[in-house]
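Each remark here refers to the structure printed beneath this line.
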Amino acid sequence: MQSETNLLQGLNDKQLQAVTLPHLSALILAGAGSGKTRVLTTRIAWLIQTGQTSPMGLMAVTFTNKAAKEMLTRLTSMLPINTRGMWAGTFHGLCNRMLRAHYREARLPSTFQILDTADQLSAIKRVMKAMNVDDEKYPPKQVMGYINSCKEEGLRAETVDAYDGHSQKLREIYAAYDQQCNREGVADFAELLLRCYELLEREPHIRAHYQQRFQYILVDEFQDTNRLQYLWLKLLGGAHNSIFAVGDDDQSIYAFRGARVGNMSDFQRDFNVQNIVKLEENYRSHSNILDAANAIITNNRNRLGKNLWTSAGKGEPIRIYEAYNDTDEAQFIVDEVNMLQKEGVPLGDMALLYRSNAQSRILEHTLFSANIPYRVYGGLRFFERAEIKHALAYLRLIANANDDTALLRIVNFPPRGIGARGLEQLQEAARQNECSLWQAATNKVGEGKLGSKGLDGFVALIRQMVDHGYGITLGEMAEMVINLSGLMAHYQNDKEGEDRIENLQELVTAAVAFSNQSLGNHHNMDEDADQLTQFLNHASLEAGDHQADVGHEALQLMTVHAAKGLEFHSVFIGGVEEGLFPHEQAAYENGGLEEERRLMYVAVTRARQRLYLTYAQSRMLHGQVRYGIASRFIDEIPADLTKRLNSKPVAKPYAAGGQYNAQPVQASSAQSSYPFKIGQSVRHGKFGEGVVVSYEGNANDLAIKVNFGSAGLKTLMLEYAKLEKI
DNA sequence: CGACGTCCCCTTTTT
DNA sequence: GGGGACGTCG
């Protein structure tokens, strides 16, 4: 066994302090690149090694499966322990595990299935149809957002406020949706958390059991927790447990999906946190990069306060390139990538980051033409692909025949002659008997009242699958389902079905691998669930890796969000323009601009050696040419940290970094086209006061977009709009 | 039932 | 510009 000193070796003072804190709640403010994961895992290893707790006496919570896996991998490299059975995983994974263990008290069937986002949306559409709700007035996606944010606030339909007709309707849909889920025995992601929270709140003995067990609770990325997650932690933490929260308020970039940075200060207050350790020494970047990041983030208010530093030296200046248009920007990046590669920087150690996915197309196009291998992150994940979801739906029906969502997905896929009319009859029968579609279907078949021959065949097919399913392995079951259902044959007849066939085969492989692994289980540890249910949970909770793995010999393309937690030798941030980054939409949201700034902070701190910020004077957006100006975030970087690589037209007399603007080409004409800075307050004779949002149209007849608040968002021809600055 | 056309909208994303 | 959702026609 390794010695204690060995474990703690190489930690700096602050890291050491954090790792060895006493059994009290603590907040670790871990800046970018400050060794956060190391501190977290070393703390766990140290607690176990010194006998303060056992692997079973602690709980470690993360947001992503990737982070959980990495934590466990690092832990096993530090300590010769078996991580099997440890309560380490994502919020959802851990809640799922508790719900499986106490499904009766949680009022769930033992085989309850998990709805992913797409399943949830279709379930909501189904409820709304049954209720005859106008989906123009209540767009299903918005309804889903409403339901999820209620759940994330810990509110049920019975407890949520509704002040007008609209919100009353929403509340009604919410109630009906929850009823439907209960009837079908399914739970969406937010439900896993809320159900688990309610379970712990309602059942004192279960709560006491876990409180007693988890004397140490460690939470990663604490700044990303939502209200419900915080309440859940609070419940488990109880009065005397130690919660070790690691996070960085400056890297909170998920407010849009319910994250509450405020949980950090609530935590300090609620748990009377005396131990606050700031990890500010950065082991990743040179100081020019860190100074730029610090300078940007200083513009945010209400920070907990933190300044990154390094002993690595100044390093290279931050390169800023103003492109003529998006094509020029892409070409510039390609040229620089080629040059860096010649200098010996591995392609996989360079990243191209952007604010929104739409920006990747032109970059991909240019990279493709230049023959540079690249890899784009994002898009559909394995378990989200249509053919995989189809195959899984058959498996779900075998596990739980009342899962209407699954049934509807495949009742007529591959096509077997069940039309909309037949389905409507079936749904009507289910509604009348208050039973699931499957029960309604079997009744019909039993009574000989067939809506269609197809339905008869479908019922027989599922029964056949259930029969065949006894006593065979998971892999065999997957194979059986794919063949008996006709999915395989269907895609074989489709001349573009090759990829789908490959994916279906991959699913069989995944099922085989899963059952092999679950012998020495590393997964969700649903001790009480059978293997099929476990596999289906795995598919819902781990839809596949989305995040980049370093070391791929290809240029890495991803959104800034996807880049969080990663680092690269060289980083290009494209489209650093007003309207794009900060994103136009952010201007309308409360605190939106500050979140954009944190996003820029995250982006900048990904670079170790070299950082490029590029922006374009014009680019195609939504099929229209848009004219942009450099992002305010560029202005926030002190000029002496930057190097302007060109500087064609500088349309901004107020631009920072003037000494590098060696060639003020065409400056005069460009300058006069943009009389107002984005964000400038203006007054209009008719609409009143507003804020300049963006410029649109082409150079000859430039339009200006202004947000007049209550008068709305207006696009005005610049030439005629009599706007005055306020 | 499926192929094709039209309309609409358009951040970020994990579970 | 382009993908997704929906509707119509063969």
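Treat the numbers as computed from the prediction; the structure is a model and nothing was measured. Throughout, protein chains are lettered first and strands after them, A, B, ... in sequence-line order, and every chain is numbered starting at 1.
Between A:Arg381 and B:dT13 there is no side-chain N or O to OP1 or OP2 distance below 4.0 Å. In this structure, A:Ser540 does not reach the B:dT15 phosphate: none of its side-chain N or O atoms is under 4.0 Å from OP1 or OP2. Distances shown here put every side-chain N or O of A:Asn96 at or beyond 4.0 Å from the OP1 or OP2 atom of B:dT15.
Atoms CG and CG, on A:Asn96 and A:Leu192 in that order, are 5.5 Å from each other to the nearest 0.5 Å. Going from atom CD1 of A:Ile253 over to atom CD of A:Glu221 covers 8.5 Å, rounded to the nearest 0.5 Å.
Glycosidic torsion of B:dT12 falls outside 90° of 0, placing the base in anti.
In this structure, A:His583 has no ring-ring contact (aromatic ring centres under 6.0 Å, His included) partners at least two apart in sequence or on a different chain. The side chain to side chain contact (heavy atoms under 4.5 Å, CB included) check on A:Asn400 picks up A:Thr111, A:Gln113, A:Asn402, A:Asp403, with sequence neighbours excluded. Residues satisfying the ring-ring contact (aromatic ring centres under 6.0 Å, His included) test with A:Phe63, not counting sequence neighbours, are A:Phe91.
Counting non-hydrogen atoms under 4.0 angstrom, A:Asn226 reaches nothing in the nucleic acid. A:Phe91 comes within contact range of no nucleotide atom at all, as no heavy-atom separation falls under 4.0 Å.
Distance CD (A:Glu152) to C1' (B:dT14): 11 Å, rounded to an integer number of Å. The interatomic distance linking A:Phe581 (CZ) with B:dT12 (C1') rounds to 10 Å, in whole Å. When rounded to the nearest whole Å, the span between NZ of A:Lys564 and P of B:dT13 equals 12 Å. Remark: C1' of B:dT15 and CH2 of A:Trp232 are 13 Å apart, rounded to the nearest angstrom. Regarding A:Glu221, its CD atom lies at a distance of 13 Å from the C1' atom of B:dT13, rounded to whole Å. The CE-C1' distance, from A:Met600 to B:dT12, rounds to 14 Å in whole Å. Note: CG (A:Asp220) to C1' (B:dT14) measures 14 Å, nearest angstrom. Between the CZ atom of A:Arg257 and the C1' atom of B:dT12 there is a distance of 9 Å, given to the nearest Å.
Taking atom C1' on both nucleotides, C:dA5 is separated from B:dT12 by 23 Å, rounded to a whole Å.
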Next item on the list: Report the C-alpha distance between A:Phe256 and A:His561 in whole Å, list the side-chain angles of each, state the deciding distance to 0.1 Å, and finish with yes or no for ring pair (Phe, Tyr, Trp, His ring centres under 6.0 Å).
Entry: CA-CA 12 Å; A:Phe256 73 89; A:His561 284 91; 5.7 Å; yes

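Counting non-hydrogen atoms of neighbouring residues, nucleotides and ligands closer than 6.0 angstrom, the CD atom of A:Gln492 exceeds 12 such neighbours.
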Anything under 3.5 Å between a protein N or O and an N or O of nucleotides 8-11 of chain B, put it in a table, one pair a line.
residue: B:dT11; atom: O4'; partner: A:His583; partner atom: NE2; Å: 3.3
residue: B:dT11; atom: O4; partner: A:Glu589; partner atom: OE1; Å: 3.3
residue: B:dT11; atom: O4; partner: A:Glu589; partner atom: OE2; Å: 2.2

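One finds a salt bridge joining A:Glu636 and A:Arg597 here, because a Lys/Arg side-chain nitrogen approaches an Asp/Glu carboxylate oxygen to under 4.0 Å.
For a distance-only test at 3.5 Å, the side chain of A:Thr64 fails to qualify as a donor-acceptor partner of the base of B:dT15.
Inspection of the A:Asn263 and A:Gln229 side chains reveals no N or O donor paired with an N or O acceptor under 3.5 Å.
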With a cut-off of 3.5 Å and sequence neighbours excluded, list every side-chain donor-acceptor pair involving residues 124-144 of chain A.
residue: A:Arg126; atom: NH1; partner: A:Glu184; partner atom: OE2; Å: 2.9
residue: A:Arg126; atom: NH2; partner: A:Thr405; partner atom: OG1; Å: 2.8
residue: A:Asp134; atom: OD1; partner: A:Glu136; partner atom: N; Å: 2.8

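Nucleotides of DNA chain C lying under 4.0 Å from heavy atoms of chain A occupy a range whose first and last members, 5' to 3', are C:dG1 to C:dG2.
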